[in-house]
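Just so it is clear: chains get the letters A, B, ... in the order the sequence lines come, proteins before strands, and each one is counted from 1. Remember, predicted model here, so these are calculated numbers, not experimental data. Scope of the values below: all heavy atoms of this structure, side chains included, with no hydrogens, waters or symmetry mates.
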There are 2 protein chains.
Amino acid sequence: MRVSELSRRSGVSVTTIKYYLREGLLAPGRQTSATQAEYDDRHLRRLRLIRALTGVRGLSVATTREVLDALEAHTGDTHLLLGLTLGSVSLSGESAEQDPATGEVESLVEELGWHVHESAPARATLAETLTSLRSLGVPMDRHVLLPYARLAEGIAALDLDQLDDLPDPLEAAERALLLTVLLEPALMALRRMAQENESARRHAP
Amino acid sequence: MRVSELSRRSGVSVTTIKYYLREGLLAPGRQTSATQAEYDDRHLRRLRLIRALTGVRGLSVATTREVLDALEAHTGDTHLLLGLTLGSVSLSGESAEQDPATGEVESLVEELGWHVHESAPARATLAETLTSLRSLGVPMDRHVLLPYARLAEGIAALDLDQLDDLPDPLEAAERALLLTVLLEPALMALRRMAQENESARRHAP
DNA sequence: ACGATTGGATACCTTCGCTATCCATGTTAG
DNA sequence: CTAACATGGATAGCGAAGGTATCCAATCGT
């Protein structure tokens, strides 16, 4: 298919597709002549993935490119993909200096018995949040965090369950990505509804 | 205190403080004369809250204003605050038309036995995510979602536990806001680390 | 053969979150 | 008292992000 069909089938305008090509989010089509290229279903699929990450989840184009690059690179070892790349998603800028709560996060991970890569960006995200909450007067220590972490184990187990019946490693990697990133707003939505319910249960007459 | 002291103590530049005043994020100080105003600790506290929401969590200025307005309005009935306002946080634009998965979300909420306001934006967020994931070929139905929802109940219970020992309703409302919004990246970070750990546990030799 | 489409390049546009500059009024140190 | 400096208020500008619009020459379909 050529670009106009790709545009029609994906709902993304031709100029935007060109923009994604320029930004390296989408691989160029197969050249059939000097000024003509042919696209296939993988491009269509990729394009829908891009729109899901940027539109639904609100990732920046730059972050989306990093995530997609990591998807290409780590198709074999799925869990590395998740740990290494997606931690940087919610951070706006790179934090050059080390957060004061870093050591505390380390001891929490140890207490949990988790095997987590030393340089996983999720560690820094966690440390930053702790520091930020404390500076605003919200007490947040190991005792509070530990039960949250146990529940996170449960969530992770559910996540992994959904990758079991996928023989194709490429498809597994893509689904892992989708589940990790796109499910985030849904999980937070469930949390908010559960909060409302629990609040009503506790305080209602 | 006057604006320069507010600036020094908060680490926010005077021009930015003026910008927040203009945008209605920060209440004007008490006028002491025609061209002079006095600020107090509530302004400082509010300013730190604004920086936490916009900087740490990445909320837009417009969303932050909505959230803060809701904080003012619903200081008494804390749980309403959470349900009604924060659902719109992760959405970029207003979705005018109803999502096809709306009915499904409704039956899920019913099956869970949750009391959730009919117009809670979290419902729409959940429905959108379902639709989006499905269009990308990821199966996502009631059976998959239900265990996630049960874990969300656990998270909500932990959240509410942390509001118990706060007699001042204003402080309780503010902490509810901070916990709901600022803890989100931390929870997602825990999830990613737990995924990495669980993946290693299942697939490692 | 000829109008429509394509790839490729470049310029431009809008929104967001500040930032810089002006200016008239106020405060304050000497 | 007065001169230097700070303040509130208004307006204009800036840089990044995410597209969009326009040109152009080559090429395709008929």
Figure out the CD/C1' separation between A:E5 and C:dA4, and round it to whole Å.
16 Å
Both B:S4 and B:R22 contact DNA chain D. Which one's nearest nucleotide lies toward the 5' end?
B:S4
It should be established whether A:S13 places a side-chain nitrogen or oxygen under 4.0 Å from OP1 or OP2 of nucleotide D:dT20.
yes
Separation of atom CE in B:M1 from atom P in C:dT27, rounded to whole Å:
18 Å
In whole angstrom, give the distance that lies between atom CD1 of B:I17 and atom P of D:dA6.
15 Å
Hey, which sits more toward the 5' end of DNA chain C by its nearest nucleotide, B:Q36 or B:V61?
B:V61
Carboxylate-amine/guanidinium contact A:R30 A:D40, below 4.0 Å
no
Under 4.0 Å between a side-chain nitrogen and a carboxylate oxygen: does that hold for B:R57 and B:E184?
yes
Would you mind checking if A:R46 and A:E72 are paired as a salt bridge, meaning a charged N to carboxylate O distance below 4.0 Å?
yes
Tell me whether the OP1 or OP2 atom of C:dG7 has a side-chain N or O from A:Y39 closer than 4.0 Å.
yes
Quickly work out the B:L25 CG to C:dC16 P distance and round it to whole Å.
13 Å
Starting at atom CD of A:E38, determine the distance to atom P of C:dT6, rounded to an integer number of angstrom.
11 Å
Length of the line joining A:L21:CG and D:dG18:P, which is rounded to integer Å
17 Å
If you look at every strand shown and take non-hydrogen atoms under 4.0 Å, does A:E23 touch a base, only sugar-phosphate, or nothing?
nothing
Relative to the 5' end of DNA chain C, which residue comes earlier, B:K18 or B:S60, by the nucleotide with the nearest heavy atom?
B:S60
Please report the distance, rounded to the nearest Å, between OH in B:Y19 and C1' in D:dT7.
21 Å
Do A:D161 and B:R202 sit within salt-bridge range, that is, some charged N less than 4.0 Å from a carboxylate O?
yes
Looking at A:Q31, I'd like to know whether one of its side-chain N or O atoms comes within less than 4.0 Å of OP1 or OP2 on D:dT27.
no
Under 4.0 angstrom between A:Y20 side-chain N/O and D:dG19 OP1 or OP2:
yes
Whole-Å gap separating C1' (C:dC16) and CZ (B:R65)
12 Å
Assign B:T54 to base, sugar-phosphate, or nothing according to its heavy-atom contacts below 4.0 angstrom with the strands shown.
nothing
In plain terms, say whether A:E153 and A:R150 are close enough for a salt bridge, that is, a side-chain N and a carboxylate O under 4.0 Å apart.
yes
Distance check: side-chain N/O of A:T16 vs OP1/OP2 of D:dG18, anything under 4.0 Å?
no
